[in-house]
Colleague: 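One structure coming up, written as structure tokens, with questions to follow.
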Number of protein chains: 2
Amino acid sequence: MSRHDELRAIALAEFATAGFAATSLQRIADLAGMSKASVLYHFESKDRLLAEIVNPALDDLDTLIVSIDQAGALRHGDFVERFVDLLLTHRQVVPLVINQGATLDDVPVMHRATLLMRRISELFRLASGSTLEKLRFGVAFGGVAYTLAAAERLGLNGEIPIDEVRSALLEILHDLLVPAESRIA
Amino acid sequence: MSRHDELRAIALAEFATAGFAATSLQRIADLAGMSKASVLYHFESKDRLLAEIVNPALDDLDTLIVSIDQAGALRHGDFVERFVDLLLTHRQVVPLVINQGATLDDVPVMHRATLLMRRISELFRLASGSTLEKLRFGVAFGGVAYTLAAAERLGLNGEIPIDEVRSALLEILHDLLVPAESRIA
DNA sequence: CACGGTACTGACCGATCGGCCAGGTATCTG
DNA sequence: CAGATACCTGGCCGATCGGTCAGTACCGTG
């Protein structure tokens, strides 16, 4: 792993656990065994460092949204599976966006995250009218995302195998969303 | 409303939306139309200000947990209803604890929040063994709490009447938890 | 050997932070 | 009137922050 990628990994771990604002460039430098100035040699600013960490996950999310959009009709089953896989793939980035997105909305990359999440919620709001339906989707996707984000902190996960988590999340989302889907149709 | 309470309300709104770390005492003072030194006259430190804001909600949560504990057996229906009411009562505090709890765990009052949330998760983990059950509870409670926290940011709520939100959340939680309960029994 | 780019560093900068302190003012009480 | 108390203030402090810059060591290439 290049020094550049190593720094990105260190920063991601710190941003996700301690928070972006609470993680100083000095601390990242210490963990990497180099000087703060060296960190700023690899990444021209702290915001750019955050952007390089978060953007790959947002790119995937964007791709997913576009493909759903182009499909014309919403097929919940497909979306759910791809969404869960996306969350699991970018497991470390999820707490960053979920927990600190609101706070860091003035940082461009985090604003992008907010916009993407809003597009998802609007995507489903169009297909579901009642308050119950809206909240059902909110609880479903928010709950899955937040559970992944909070799992470590609250001791929820332990050492559960990922594929077991995956199938469990898929079943839960299916329970929550499929009755809603049938009600629309 | 006393000047003291007014300051607390202003700080709560800022902490919840912009974040604790990102909200300076100077900004709170500006919003209240007084000097930073005056804010520190009313609250001996920034951490104490946060504690005075968060502790009432945590006191209620503590009371709820103790009463569940003493009841011996878990009665999900009762807990769910009281939990939702608690979240709705302390609606503004929820995003603060949910989104910034992990980041601010070195602040005593936030550590208390983490411990209480962990007790809730353990309370239910004892009664439910499989990964699916664990995650079901995680998604349910995390989803409800996070939905309330993120509602404003993602434009999920709009101007939905509170009692409508309440009944919808109760139904969703019932759907998620009651099948689990029957499976245990 | 000389050279140019890459990686890295210490020293420094201005800004902002939470917090402290001496002192001012207004109101109430004896 | 004198004193006590509550409320508020400007000015200051040390610490830390993100970021800049001139300079250094190392490197493969001509």
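Below, chain A is the first sequence line, B the second, and so on; all start at residue 1.
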Colleague: From the set dT9(D), dG19(C), dA6(D), return the single nucleotide nearest to any side-chain atom of Met34(B).
Modeller: dT9(D)
Colleague: Rounded to whole Å, how long is the line connecting atom CD of Gln26(B) with atom P of dT9(D)?
Modeller: 11 Å
Colleague: Between dG10(C), dA6(D), dT9(D), which one does the side chain of Tyr41(B) approach most closely?
Modeller: dA6(D)
Colleague: Measure from the side-chain N and O atoms of Ser38(A) to the backbone N and O of Met34(A), and report whether any donor-acceptor pair falls under 3.5 Å.
Modeller: no
Colleague: For dC8(D), take OP1 and OP2 only and decide whether either is under 4.0 Å from a side-chain N or O of Arg3(B).
Modeller: yes
Colleague: Just wondering, are more than 12 heavy atoms of other shown residues or ligands nearer than 6.0 Å to CZ in Arg27(B)?
Modeller: no
Colleague: Could you go step by step and tell me if Lys46(B) and Phe20(B) meet the side chain to side chain contact (heavy atoms under 4.5 Å, CB included) rule?
Modeller: CA-CA 9 Å; Lys46(B) 197 187 180 187; Phe20(B) 178 74; 3.7 Å; yes
Colleague: Checking the side chain of Arg119(A) only, and the main-chain atoms of Val66(A) only, is there a donor and an acceptor separated by less than 3.5 Å?
Modeller: no
Colleague: Can you tell me if the side-chain N/O atoms of His42(A) get under 4.0 Å from OP1 or OP2 in dT6(C)?
Modeller: no
Colleague: Determine the contact category for Ser24(A): base if any of its heavy atoms lies under 4.0 Å from a base atom, sugar-phosphate if only primed atoms, P, OP1 or OP2 are that close, otherwise nothing.
Modeller: sugar-phosphate
Colleague: Reading DNA chain D from 5' onward, which residue's closest nucleotide shows up sooner: Ser35(B) or Ala21(A)?
Modeller: Ser35(B)
Colleague: Look at all strands and tell whether Leu25(A) reaches a base, only sugar-phosphate, or nothing, counting heavy atoms closer than 4.0 Å.
Modeller: sugar-phosphate
Colleague: Taking the ring of Phe141(B) and the ring of Tyr146(B), is the distance between their centroids below 6.0 Å?
Modeller: no
Colleague: Which of these nucleotides, dC8(C), dC21(C), dG18(C), is closest to any side-chain atom of Lys36(B)?
Modeller: dG18(C)
Colleague: Could you state the atom-to-atom distance from NE2 of His4(A) to P of dT6(C) in whole Å?
Modeller: 14 Å
Colleague: Rounded to whole angstroms, how far apart are CG on Leu40(A) and P on dC13(C)?
Modeller: 18 Å
Colleague: Please classify the nucleic acid contact of Thr23(B) as base, sugar-phosphate, or nothing, using heavy-atom distances under 4.0 Å.
Modeller: sugar-phosphate
Colleague: Could you state the CZ-P distance from Phe43(A) to dC8(C), rounded to the nearest angstrom?
Modeller: 11 Å
Colleague: Let me know the distance between CZ of Arg27(A) and P of dT16(D), rounded to the nearest Å.
Modeller: 14 Å
Colleague: Is there, by distance only and without an angle test, a donor paired with an acceptor across the side chain of Lys46(A) and the base of dG19(D) below 3.5 Å?
Modeller: no
Colleague: dC7(D) phosphate, OP1 or OP2: any side-chain N/O from Ser38(B) under 4.0 angstrom?
Modeller: no
Colleague: Please state how far atom CD in Glu44(B) lies from atom C1' in dC21(C), giving the value in whole angstrom units.
Modeller: 16 Å
